[in-house]
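Only heavy atoms go into these numbers, but all of them, side chains included; no hydrogens, no water, no symmetry mates. Order of listing sets the numbers, starting from 1, for every ligand and every atom in it.
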Amino acid sequence: MKDKQLSVSAIKEGTVIDHVPAGVLFKVVSILKLDKVGTMITIGNNLESKKLGHKGIIKISKVFFEDNEINKIALVAPSAKLNIIREYEVVEKKVVTIPDEIVGIVKCVNPKCITNNEKVTTRFDVVSKPEVRLRCHYCEKITDRDNIEIL
Ligand code: CTP
Ligand code: ZN
């Protein structure tokens with residue numbers, strides 16, 4: 001477990017998202033719109049992990065997310081663990097929970113869906129957890145976990 005601290009250095013203040021499965025790390029980056037964040041971000045991927053085999057870690061300095069914002073990542077990374085860092089110390093640990101409704105992050109699988117043809121924000125009910133299945137509010141088609149495409 002000490003390896004990862006050598007791979008990606010400690011931060012002074014901010015959020016550490018740990019135990020992200022390696023294959024979805026960049027989906028998490030996209031869901032949280034980290035390309036729009038101006039503070040220091042350090043990312044490690046394919047790090048060794050006893051629990052996950054290979055994992056990813058994302059450290060975002062000086063940013064503390066609202067629960068409803070960070071919970072969106074549970075769609076693709078339900079195993080993620082959040083660590084809130086203040087003055088170099090972990091002051092809080094949190095897990096993510098899958099929301100009941102998803103607005104505007106995921107693309108509907110149905111090419112004929114209005115959301116794929118007009119300027120309409122996608123909206124889904126989460127009809128199964130933790131193996132996520134999403135039912136489109138507009139066309140009722142099911143988008144399952146493996147088909148989730150982030151907008
Ligand atoms: N971390 C960090 N900067 C700090 C303190 C911690 O980036 N100033 C990171 C560590 O690298 C680790 C995570 O925050 O990835 C959690 O830290 P800690 O609780 O000390 O590590 P573990 O005991 O290994 O946590 P867990 O087993 O809960 O993953
Ligand atoms: Zn649809």
**Q** Show the atoms of ligand 1 that are less than 4.0 angstrom away from any heavy atom in I57.
**A**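 Near I57, meaning under 4.0 Å from one of its heavy atoms, ligand 1 has 15 (O).
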**Q** For A10, counting its heavy atoms only, list the atoms of ligand 1 lying under 4.0 Å from any of them.
**A**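 Listed by number with element: 2 (C), 3 (N), 4 (C), 7 (O), 8 (N).
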**Q** Looking at side-chain heavy atoms only, is the closest gap between N110 and C136 below 4.5 Å?
**A**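 No; the side chains remain at least 4.5 Å from each other.
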**Q** Looking at L82, V8, N83, which one forms a side chain to side chain contact (heavy atoms under 4.5 Å, CB included) with V16?
**A**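 Checked L82, V8, N83 against V16; only one passes side chain to side chain contact (heavy atoms under 4.5 Å, CB included): N83.
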**Q** Hey, what do you get for NE2 (H19) to NZ (K55), rounding to the nearest 0.5 Å?
**A**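 Those atoms lie 4.5 Å apart.
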**Q** Give a yes or no on this: more than 12 heavy atoms of other residues, nucleotides or ligands lie within 6.0 Å of atom NZ of K94.
**A**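 More than 12 within 6.0 Å, yes.
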**Q** Just verifying a value: how many Å separate I58 CD1 and T15 OG1, rounded to the nearest 0.5 Å?
**A**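 Rounded to the nearest 0.5 Å, the CD1-OG1 separation comes to 11.0 Å.
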**Q** In ligand 1, which numbered atoms sit nearer than 4.0 Å to a non-hydrogen atom of K93?
**A**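 Counting from 1, the qualifying ligand atoms are 16 (C), 18 (P), 19 (O), 25 (O), 26 (P), 28 (O).
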**Q** Does only the side chain of K12 get under 4.0 Å from ligand 1, or the backbone, or both, or neither? Count heavy atoms.
**A**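 Contact part for K12 vs ligand 1: neither.
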**Q** Out of L82, I85, N83, whose heavy atom is nearest to atom 13 (C) of ligand 1?
**A**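 Ranked by closest heavy atom to atom 13 (C) of ligand 1, first place is N83.
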**Q** Step by step, work out the side-chain contact (heavy atoms from CB on, under 4.5 Å) result for T122 and L151.
**A** CA-CA 9 Å; T122 63; L151 286 170; 4.0 Å; yes
**Q** Are any of the N/O atoms on S9, whether in the backbone or the side chain, positioned under 3.5 angstrom from an N/O atom of ligand 1?
**A**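 Such a contact does not occur with ligand 1.
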**Q** What donor-acceptor contacts under 3.5 angstrom involve side-chain atoms of residues 21-39, with partners at least two apart or in another chain?
**A**
from	atom 1	to	atom 2	distance (Å)
K27	NZ	I148	O	3.1
T39	OG1	S61	O	2.7

**Q** Sequence neighbours left out, what pairs pass salt bridge (charged side-chain N to carboxylate O under 4.0 Å, His left out) with at least one residue falling in residues 104-120?
**A**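 Of all non-adjacent pairs touching residues 104-120, none passes salt bridge (charged side-chain N to carboxylate O under 4.0 Å, His left out).
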**Q** Number the atoms of ligand 1 from 1 as they appear, then name those within less than 4.0 Å of a heavy atom of D18, with their elements.
**A**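 Ligand 1 atoms under the 4.0 Å threshold to D18: 12 (C), 15 (O), 29 (O).
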**Q** Can you find a non-hydrogen atom of K81 under 4.0 Å from ligand 1?
**A**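 Distance cut 4.0 Å: K81 fails for ligand 1.
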**Q** Heavy-atom contacts with I11 under 4.0 Å: which atoms of ligand 1 show up? List them by number with element.
**A**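 In order of numbering, the contacting atoms are 2 (C), 3 (N), 4 (C), 7 (O), 8 (N).
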**Q** Can you list the protein N, O or S atoms less than 2.8 Å from the Zn ion (ligand 2)?
**A**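 Per the 2.8 Å query on the Zn ion (ligand 2), atoms found are C108 SG, C113 SG, C136 SG, C139 SG.
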**Q** Identify all side-chain donor-acceptor contacts of residues 123-133 below 3.5 Å with residues at least two apart in sequence or on another chain.
**A**
from	atom 1	to	atom 2	distance (Å)
R123	NH1	E101	OE2	3.1
S128	OG	E131	O	2.8
K129	NZ	I98	O	2.9
K129	NZ	D100	OD1	2.8
E131	OE2	R145	NH1	3.2

**Q** Answer with yes or no whether H19 contacts ligand 1, where contact means a heavy atom under 4.0 Å from a ligand atom.
**A**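 Flag set, H19 near ligand 1.
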**Q** Consider only side-chain heavy atoms of I, L, V, M, F, W and Y, link residues closer than 4.5 Å, and tell whether F65 and V76 are in one cluster.
**A**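 Both belong to a single hydrophobic cluster.
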**Q** For atom CD of E13, is the number of surrounding heavy atoms from other residues, nucleotides or ligands below 6.0 Å larger than 12?
**A**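 Counting neighbours around CD of E13, more than 12 heavy atoms of other residues, nucleotides or ligands fall under 6.0 Å, so yes.
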